[in-house]
S.K.: 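Got a structure for you, questions after.
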Amino acid sequence: MLMPKKVKYRKQQRGRMKGKAWRGSSLSFGDYGLKVMRCGWITDRQIEAARVAMTRFIKRGGKVWIRLFPDKPITKKPAETRMGKGKGAPEQWVCVVRPGKILFEMEGVTADVATEAMRLAAQKLPLPCKLITRGQNG
């Protein structure tokens, strides 16, 4: 799974999710991209599941870029634990995404293969996504 090698602080606050993606909202590497349409968290496992689904479908053809990285630790307290006694231990890593962020990019495959691969990847993610192509705005 993706996770940072080292972080300055083990635990973070949850934060607010509002607004649109400032950066990372246009295709930089490939010809096809998967753009997220809503604010949310995407976990390291979901990113990996989407990557595997995409690369399995394109079968050694083309190149895939992952444009997001889970760098926010999410804590959980154990089940059936009483309230209090501090914040729970870090459980998983998530990436905060805002509408317009490009999650994956792909090149070197035909349009129909890219469309199907991105559709399979989008099914593994908890947020609505859409396929964008180079030269298309929005």
Side-chain angles (χ1 to χ4, degrees):
M1 299 298 143
L2 291 171
M3 70 170 65
K5 286 191 183 80
K6 195 170 94 173
V7 288
K8 190 166 185 182
Y9 298 107
R10 278 181 62 232
K11 298 173 183 179
Q12 277 185 23
Q13 293 188 336
R14 292 168 72 87
R16 288 276 165 263
M17 286 185 286
K18 62 177 202 172
K20 296 197 168 36
W22 257 40
R23 301 164 62 149
S25 57
S26 59
L27 288 174
S28 299
F29 305 103
D31 299 326
Y32 306 97
L34 193 64
K35 181 183 273 195
V36 71
M37 305 310 288
R38 214 182 307 151
C39 285
W41 285 348
I42 298 181
T43 68
D44 51 353
R45 290 172 180 273
Q46 289 163 345
I47 295 168
E48 180 64 11
R51 184 195 67 78
V52 167
M54 229 182 335
T55 52
R56 281 225 177 106
F57 186 79
I58 61 175
K59 294 192 189 81
R60 295 171 58 98
K63 183 161 172 50
V64 175
W65 287 269
I66 302 173
R67 295 281 307 274
L68 70 166
F69 187 80
D71 56 355
K72 181 184 187 72
I74 299 303
T75 61
K76 280 235 176 85
K77 293 185 76 108
E80 301 178 11
T81 305
R82 291 186 177 186
M83 294 287 105
K85 303 252 190 303
K87 193 172 166 85
E91 186 79 14
Q92 62 182 356
W93 295 89
V94 298
C95 175
V96 179
V97 294
R98 294 183 173 84
K101 171 97 173 140
I102 305 288
L103 307 180
F104 300 99
E105 290 189 33
M106 186 184 298
E107 76 170 8
V109 292
T110 61
D112 52 336
V113 169
T115 304
E116 182 61 19
M118 292 294 190
R119 187 189 67 78
L120 291 170
Q123 285 181 339
K124 305 292 183 191
L125 300 173
L127 303 169
C129 300
K130 79 174 192 183
L131 175 78
I132 61 164
T133 57
R134 191 170 289 289
Q136 168 192 0
N137 49 1

S.K.: Got a sec, which residues hit salt bridge (Lys or Arg N to Asp or Glu O under 4.0 Å) with Arg119, two or more places apart in sequence or on another chain?
M.R.: Glu116
S.K.: Can you name the closest pair of heavy atoms from Asp71 and Pro73 and give their distance?
M.R.: O-CD, 3.7 Å
S.K.: Keeping Glu105 on the side-chain end and Leu27 on the backbone end, is there a donor-acceptor pair under 3.5 Å?
M.R.: no
S.K.: Counting N and O atoms only, with roles assigned by atom type, does the side chain of Lys77 sit under 3.5 Å from a partner on the main chain of Met83, one being a donor and the other an acceptor?
M.R.: no
S.K.: Are the side chains of Met3 and Pro70 in contact, using a 4.5 Å heavy-atom criterion?
M.R.: no
S.K.: For residues Val52 and Ile66: do they belong to one hydrophobic cluster (side chain heavy atoms under 4.5 Å, members Ile, Leu, Val, Met, Phe, Trp, Tyr)?
M.R.: no
S.K.: Could you pull out all residues at least two apart from Arg134 that satisfy salt bridge (Lys or Arg N to Asp or Glu O under 4.0 Å)?
M.R.: Asp31
S.K.: What side-chain donor-acceptor pairs closer than 3.5 Å can you find for residues 56-63, not counting sequence neighbours?
M.R.:
none

S.K.: Scan the side chains in residues 95-103 for donor-acceptor partners under 3.5 Å anywhere in the protein, sequence neighbours excluded, and list what turns up.
M.R.:
{"from": "Arg98", "atom 1": "NE", "to": "Lys18", "atom 2": "O", "distance (Å)": "3.2"}
{"from": "Lys101", "atom 1": "NZ", "to": "Arg67", "atom 2": "O", "distance (Å)": "3.1"}

S.K.: Return the set of residues passing ring pair (Phe, Tyr, Trp, His ring centres under 6.0 Å) with Phe29 (not counting sequence neighbours), or none when no residue passes.
M.R.: Trp65
S.K.: What is the distance from atom CD1 of Ile47 to atom CG of Leu68, rounded to the nearest 0.5 Å?
M.R.: 4.0 Å
S.K.: Can you tell me how far apart CD (Gln12) and CZ (Arg10) are? Round to the nearest 0.5 Å.
M.R.: 12.5 Å
S.K.: Atom OG1 of Thr75 and atom CD of Gln13: how far apart are they, to the nearest 0.5 Å?
M.R.: 10.5 Å
S.K.: Closest approach of Cys39 and Leu127, non-hydrogen atoms and distance?
M.R.: O-CD2, 3.5 Å
S.K.: Calculate, to the nearest 0.5 Å, the distance between atoms SG and CE belonging to Cys129 and Met37 respectively.
M.R.: 8.5 Å
S.K.: Where do Glu48 and Arg51 land on the salt bridge (Lys or Arg N to Asp or Glu O under 4.0 Å) test, with the steps shown first?
M.R.: CA-CA 5 Å; Glu48 180 64 11; Arg51 184 195 67 78; 2.7 Å; yes
S.K.: Same cluster for Trp93 and Leu125 if Ile/Leu/Val/Met/Phe/Trp/Tyr side chains link at under 4.5 Å?
M.R.: no
S.K.: With rounding to the nearest 0.5 Å, note down the distance linking CE in Met106 to CG in Leu131.
M.R.: 9.0 Å
S.K.: Tell me, please, which residues at least two apart from Ile74 pass side chain to side chain contact (heavy atoms under 4.5 Å, CB included).
M.R.: Trp41, Lys72, Gln92, Val94
S.K.: Nearest 0.5 Å, what's the CZ-CG distance between Phe69 and Asp44?
M.R.: 9.5 Å
